[in-house]
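Before any comments, here is the structure.
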Amino acid sequence: MPQTRSTALADVSALRADLDVVDAEIRALVERRRELSREIQRIRQASGGTRTDLTREMRVISPYAEAYGRQGTAIAMALLEICRGTGATSR
């Protein structure tokens, strides 16, 4: 039996609500990652090291690129930038 327009709209609305929950979870995970990254940066700099580790960053980018291609690389790069505390997204 085909869905009526009102049933389809209700299904879409429910699914969008689920997406909103997932988006909130992603933001919470990004914030947790940013906290961990900043602590690592603090420790590295306090011991005379650099703030970033390019080898490590490549290991972060690789799984995203493998999973999502060019867009995955963009996601990983944006995530790294957010967690480095550089750019307009830093607080």
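For this chain, numbers begin at 1 and follow the sequence in order. Because only heavy atoms are used, hydrogens play no part in the values below, and waters and symmetry mates are left out as well, while side chains stay in.
A distance of 8.0 Å separates CD1 of I40 from CZ of R33, quoted to the nearest 0.5 Å. Here L79 contributes atom CG and M77 contributes atom CE; the two are 10.5 Å apart, rounded to the nearest 0.5 Å. To the nearest 0.5 angstrom, L80 atom CG is 10.0 Å from L54 atom CG. Rounded to the nearest 0.5 Å, atoms OH (Y68) and OG1 (T73) are 12.5 Å apart. The distance from atom CD of E57 to atom SG of C83, rounded to the nearest 0.5 Å, is 10.0 Å. We find the CD-CG distance between E31 and L36 to be 10.5 Å, quoted to the nearest 0.5 Å.
Hydrophobic clustering of Ile, Leu, Val, Met, Phe, Trp and Tyr side chains at less than 4.5 Å, counting indirect connections, unites I26 with I75.
Between T50 and T52, the side chains place no donor N or O within less than 3.5 Å of an acceptor N or O (distance only, hydrogens not considered).
Within the 4.5 Å cutoff, the side chain of E81 has heavy atoms near those of the R84 side chain. Residues R38 and I43 fail the side-chain proximity criterion, which asks for heavy atoms closer than 4.5 Å.
Using a cut-off of 4.0 Å between Lys/Arg side-chain N and Asp/Glu carboxylate O, R42 and E39 are scored as salt-bridged.
Nearest heavy-atom pair across Y64 and G72 is CB-O, 3.2 Å. Nearest heavy atoms, R44 versus D53: NH2-CB, 3.7 Å.
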